[in-house]
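Below, chains carry the letters A, B, ... as their sequence lines are ordered, and counting in each starts from 1.
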Protein chains: 2
Amino acid sequence: MLKLLDEEGKMYGYEITQHVKTLSDGKMILTEGALYPTLHKLEAEGLVKTKKVMVGKRMRKYYTLTTKGKKANKSKLAEFQEFINAMQLILKPKTTSS
Amino acid sequence: MLKLLDEEGKMYGYEITQHVKTLSDGKMILTEGALYPTLHKLEAEGLVKTKKVMVGKRMRKYYTLTTKGKKANKSKLAEFQEFINAMQLILKPKTTSS
DNA sequence: AAATATACCTAATATTCTTAGGTATCAAAA
DNA sequence: TTTTGATACCTAAGAATATTAGGTATATTT
C-alpha cells in the first residue's frame with residue numbers, strides 16, 4: 001500500500017484493491033477486511049493522511065503518504081527484498097553433485 | 001521445513017532451526033515457538049512422520065516426509081514462487097517515462 | 001562452577017487475515 | 001423497472017500464526 005501510494009500520489013481504498021488486482025494479473029486479492037483496518041492503522045501511526053472527497057453523493061477517502069510514510073515505504077521495501085533474498089537462499093535447490 | 005526435509009531426508013527440530021540460520025546467513029531465525037507447533041501440525045496432517053532416537057541420554061525426534069508430504073512440498077514451493085512473482089509485479093517500480 | 005549449546009516442549013499474548021456481514025450510490029442488464 | 005453488479009465506505013467474530021517467555025534436561029565449553 002505504501003509503495004502504491006508513493007507512486008500514485010493519492011489513492012482511495014477501493015482503488016488500491018483494484019490496482020493490486022490489475023498489477024498482479026488477478027493473482028493477488030486485497031480484501032476489504034485486510035485493507036481498511038491496515039489503512040486506519042497507517043493513519044494512526046502517522047504514515048498516511050486522509051482527505052474526504054464527495055463524488056456525486058458518494059464518499060471517497062483519499063490517502064497520501066506523509067514524510068514519515070515515505071521513509072517507511074523505503075525501509076519496508078528494502079526489508080521485504082531482504083526477506084525474499086533470505087527465503088531464496090533457503091529455498092534454493094541444494095546442489096547434490098557437479 | 002518441507003523443502004529442507006525433502007533435501008536432507010531426515011532432520012530433527014533443532015537441526016532445522018540451525019539449517020535455516022546457516023542457509024540465510026543469520027538473517028532468518030526460526031524460533032522454537034514457531035517450529036514445534038508447525039512440525040506437530042504437519043505430523044497431524046500426515047505430511048511428515050517421526051522417529052525418536054536416543055543420542056546418549058538425549059532424545060532426538062527425526063522427521064521425514066511422507067509421500068503426501070513430498071507432494072505438498074512441491075505444491076507449496078510452487079505456490080510460494082507464485083506469491084513472490086505476484087509481489088514483484090506489484091512492487092516493481094512504475095516506469096514514469098521512456 | 002558457570003555459562004552456553006543442544007534438544008524437546010507449551011502457553012499467554014499479540015498480530016493479522018478470512019469470512020461474513022452492514023450501509024449506500026450508481027450503472028447496466030434483464 | 002427491477003434487479004444485479006460494481007463502486008465505496010466500514011466493522012466484528014473467528015481462525016491462523018508468530019512472538020515472547022517460560023519449563024525441563026543433558027552436554028560442552030569457558
Side-chain angles (χ1 to χ4, degrees), chain A residues 1-5 8 10-24 26-45 47-64 72 76 79-80 82-84 86-87 90, chain B residues 1-5 8 10-24 26-64 72 75-76 79-80 82-84 86-87 90:
Chain A
M1 294 181 204
L2 294 175
K3 184 270 186 180
L4 294 180
L5 286 173
E8 302 297 328
K10 68 177 203 290
M11 297 184 88
Y12 53 100
Y14 186 78
E15 189 183 12
I16 296 175
T17 67
Q18 298 310 302
H19 240 71
V20 166
K21 194 191 279 184
T22 304
L23 286 174
S24 69
K27 291 186 188 82
M28 300 277 289
I29 300 297
L30 178 55
T31 62
E32 300 189 343
L35 171 81
Y36 291 115
T38 301
L39 284 173
H40 299 161
K41 195 189 170 199
L42 293 177
E43 188 176 16
E45 290 168 343
L47 304 186
V48 298
K49 56 180 189 294
T50 60
K51 193 178 184 178
K52 284 173 189 155
V53 176
M54 292 308 292
V55 180
K57 287 176 187 167
R58 204 148 54 179
M59 197 256 285
R60 273 187 197 167
K61 202 165 158 188
Y62 278 99
Y63 289 83
T64 52
K76 290 284 183 189
E79 191 187 317
F80 185 71
E82 280 170 34
F83 166 72
I84 298 303
M87 285 304 294
I90 293 166
Chain B
M1 295 183 205
L2 295 175
K3 184 266 185 182
L4 294 180
L5 286 173
E8 301 299 326
K10 68 177 202 291
M11 296 183 88
Y12 52 100
Y14 186 79
E15 189 182 12
I16 295 175
T17 67
Q18 299 310 301
H19 239 73
V20 165
K21 194 191 281 184
T22 303
L23 286 173
S24 68
K27 291 186 190 81
M28 299 278 288
I29 300 298
L30 178 54
T31 62
E32 299 188 344
L35 172 81
Y36 291 114
T38 302
L39 283 173
H40 300 160
K41 196 190 169 200
L42 291 177
E43 189 176 15
E45 291 168 343
L47 304 187
V48 299
K49 56 182 188 291
T50 61
K51 192 177 184 179
K52 286 175 189 155
V53 175
M54 292 309 291
V55 180
K57 286 176 187 171
R58 203 150 53 182
M59 196 255 284
R60 272 187 198 164
K61 202 165 157 187
Y62 278 99
Y63 288 83
T64 53
S75 66
K76 290 283 182 188
E79 190 186 319
F80 185 71
E82 278 169 34
F83 165 72
I84 298 301
M87 284 305 294
I90 294 166

Report, one pair per line, the protein and nucleotides 15-21 of chain D atoms (nitrogen or oxygen only) whose separation is under 3.5 Å.
| unit_1 | atom_1 | unit_2 | atom_2 | d |
| --- | --- | --- | --- | --- |
| D/dT17 | OP2 | B/Lys41 | NZ | 2.8 |

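Whole-Å rounding puts the A/Arg60 CZ to D/dT7 P distance at 10 Å. In this structure, NE2 of B/His19 is placed 17 Å from C1' of C/dA7, rounded to the nearest angstrom. Whole-Å rounding puts the B/Met59 CE to C/dA5 P distance at 22 Å. Counting to the nearest Å, the P atom of C/dT4 and the CD atom of B/Gln18 are 16 Å from each other. The interatomic distance linking A/Glu15 (CD) with D/dA6 (P) rounds to 18 Å, in whole Å. Between B/Leu39 atom CG and C/dT10 atom C1' the separation is 14 Å, expressed in whole Å. C/dC8 atom P lies 13 Å from atom CD of B/Glu43, rounded to whole Å. If you measure from atom CD1 of B/Ile16 to atom P of C/dC9, you get 11 Å, rounded to the nearest angstrom.
Residue A/Glu79 holds its CD atom at 10.0 Å from CZ of A/Phe83, rounded to the nearest 0.5 Å. Summarising the geometry, atom OG1 belonging to A/Thr64 is positioned 9.5 Å from atom NZ belonging to A/Lys10; distances are rounded to the nearest 0.5 Å.
In this structure, the side chains of A/Tyr63 and A/Met1 stay at 4.5 Å or more apart for every pair of heavy atoms.
At the phosphate of C/dT10, neither OP1 nor OP2 sits under 4.0 Å from any side-chain N or O atom of B/Tyr36. For C/dT10, one of the phosphate oxygens OP1 or OP2 lies less than 4.0 angstrom from a side-chain nitrogen or oxygen of B/His40. The phosphate of D/dC9 has neither OP1 nor OP2 within less than 4.0 Å of any side-chain N or O from A/Tyr14. The phosphate of D/dA8 has neither OP1 nor OP2 within less than 4.0 Å of any side-chain N or O from A/Lys52.
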Show me the donor-acceptor pairs within less than 3.5 Å that the side chains of residues 33-46 of chain B make with the rest of the protein, sequence neighbours left out.
| unit_1 | atom_1 | unit_2 | atom_2 | d |
| --- | --- | --- | --- | --- |
| B/Thr38 | OG1 | B/Ala34 | O | 2.7 |
| B/His40 | ND1 | B/Tyr36 | O | 3.3 |
| B/Glu43 | OE2 | B/Thr50 | OG1 | 3.0 |

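Listed by chain and number, the residues in a side-chain contact (heavy atoms from CB on, under 4.5 Å) with B/Glu82 amount to none (sequence neighbours excluded). For A/Leu23, the side-chain contact (heavy atoms from CB on, under 4.5 Å) partners at least two apart in sequence or on another chain are A/Leu4, A/His19, B/Ile90.
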side-chain contact (heavy atoms from CB on, under 4.5 Å) evaluation trace for A/Met59 with A/Val53: CA-CA 6 Å; A/Met59 197 256 285; A/Val53 176; over 6 Å; no
Base, backbone or nothing for each nucleotide of nucleotides 25-30 of chain D, written B, S, -, heavy atoms under 4.0 angstrom, 5' to 3'? -BS---
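Residue-environment remark: NZ (B/Lys3) exceeds the threshold of 12 foreign heavy atoms within 6.0 Å.
Under the side chain to side chain donor-acceptor pair (under 3.5 Å) criterion, the residue pairs touching residues 51-61 of chain B are B/Tyr12-B/Arg60, B/Arg60-B/Tyr62, with sequence neighbours excluded.
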